[in-house]
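Following: one structure in structure tokens, then a few remarks.
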Amino acid sequence: MTCTLILTRHAKSCWNSDAPSDHSRPLNERGQLAAKALGNWIKEYNYNPTQVISSSSQRTRETYQLMQLETSSIYLERLYHASAEVMFQVLKEAETPRTLILGHNPGIAAFAHQIVSFPPDHSRFEDYPTGATLVADFPIESWSELTWGSGSVRDFAVPRELLGASPDLAA
């Protein structure tokens, strides 16, 4: 059996909103388009998760809602600006073999780099821009067996490319 991780950084958020805190910042218009494109990409390639574990922030919630994946979700405060180690522990507690984790940088980029054996050949993997999504397979029967560096990259996407923009443009 194989477990599959879909690791998504929230889409582009709005910096000039009236949100009372960083946790409350919503997506901007580009982020809304990106989230929809990510959801379409996940469905098109049949990467549909059976469980979504997300940060509790407004921008991660909106990203997930706009992805329209029709999967049950859990929102965890401990994933808000979580470190790679916290994300690792959260994933080890996941209950289904195809899990999507939705979080923030810099922790999500660090986690992506440490969880796979070899990074994808993509210029944007290093900085993991907003909306970046990694799909990786693990040769385990349960997430409780997860170890660092054991994932094999199946796919990696960034919204700019999904929306038809040059991959060399800033996220």
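Nothing here was measured: the structure is a model prediction, and the numbers come from that model. All residue numbers in this chain count up from 1 along the given sequence.
- Residues Leu134 and Ile140 fall within the same hydrophobic cluster, defined by Ile, Leu, Val, Met, Phe, Trp and Tyr side chains chained together at heavy-atom separations under 4.5 Å.
- Side-chain atoms of Ser57 do not come within 3.5 Å of backbone N or O of His23 as any donor-acceptor pair.
- Rounded to the nearest 0.5 Å, atoms OG (Ser56) and CZ (Arg61) are 6.0 Å apart.
- The ring of Phe156 has its center closer than 6.0 angstrom to the ring center of Tyr128.
- The backbone N or O of Ser55 lies less than 3.5 Å from a partner atom in the side chain of Thr60, making a donor-acceptor pair.
- A distance of 12.0 Å separates CG of Leu38 from CD1 of Ile6, quoted to the nearest 0.5 Å.
- Scanning all heavy atoms of the two residues, the minimum distance from Met87 to Ala82 falls at CE-O, 3.8 Å.
- Of all non-hydrogen atoms in Thr147 and Ser150, the two that sit nearest each other are O-OG, 2.7 Å.
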Take Asp22 and His81 through the side chain to side chain contact (heavy atoms under 4.5 Å, CB included) test and state the conclusion after the steps. CA-CA 11 Å; Asp22 179 71; His81 290 289; 3.1 Å; yes
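- Alongside Leu27, the hydrophobic cluster contains Leu66 (criterion: ILVMFWY side chains under 4.5 Å).
- Relative orientation of the His104 and Tyr80 rings is perpendicular, given thresholds of 30° and 60° on the angle between their planes.
- Residues Val52 and Tyr64 share a closest heavy-atom pair of CG2-CE1, 3.6 Å.
- A donor and an acceptor atom, one from each side chain of Ser24 and Gln58, are nowhere located under 3.5 Å apart.
- No side-chain heavy atom of Tyr47 sits less than 4.5 Å from a side-chain heavy atom of Thr4.
- Looking at heavy atoms from C-beta onward, Phe88 lies in side-chain contact with Ile115 at the 4.5 angstrom threshold.
- Although no hydrogens or angles enter the test, the distance criterion places a donor-acceptor pair under 3.5 Å between the side chain of Ser83 and the main chain of Val86.
- Side chain of Thr71 to main chain of Leu69: a donor-acceptor pair is present (N/O by atom type, distance under 3.5 Å, no hydrogens or angles).
- No hydrogens or angles considered: nothing links the side chains of Asp155 and Tyr45 as a donor-acceptor pair under 3.5 Å.
- Expressed to the nearest 0.5 Å, how far CG of Asn46 lies from CG of Asn48 amounts to 5.5 Å.
- A side-chain contact (heavy atoms from CB on, under 4.5 Å) with His10 is found for exactly one of Asn105, Ile108, Thr130, namely Thr130.
- Rounding to the nearest 0.5 angstrom, the gap separating the CG atom in Leu91 from the CZ atom in Phe111 is 5.0 Å.
- The backbone N or O of Glu95 sits nowhere less than 3.5 Å from a side-chain atom of Trp143 that would complete a donor-acceptor pair.
- Atoms CG and OG1, from Leu100 and Thr8 in turn, are 4.0 Å apart once rounded to the nearest 0.5 Å.
- Here NZ of Lys12 is found 8.5 Å from CZ of Arg160. Values are rounded to the nearest 0.5 Å.
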As a quick check of understanding, evaluate side chain to side chain contact (heavy atoms under 4.5 Å, CB included) for Phe125 and Val153, giving each step before the final call. CA-CA 11 Å; Phe125 185 71; Val153 174; 5.8 Å; no
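- Contact between Ala34 and Pro159 at its shortest, heavy atoms only, is CB-CB, 3.4 Å.
- Heavy-atom minimum distance, Arg9 versus Pro129: NH1-C, 3.3 Å.
- By the side chain to side chain contact (heavy atoms under 4.5 Å, CB included) test, Ala37 is found to be paired with Leu162, Leu163, residues two or more places apart in sequence or in another chain being considered.
- Closest of all the heavy-atom pairs between Lys43 and Gln68 is NZ-O, 3.0 Å.
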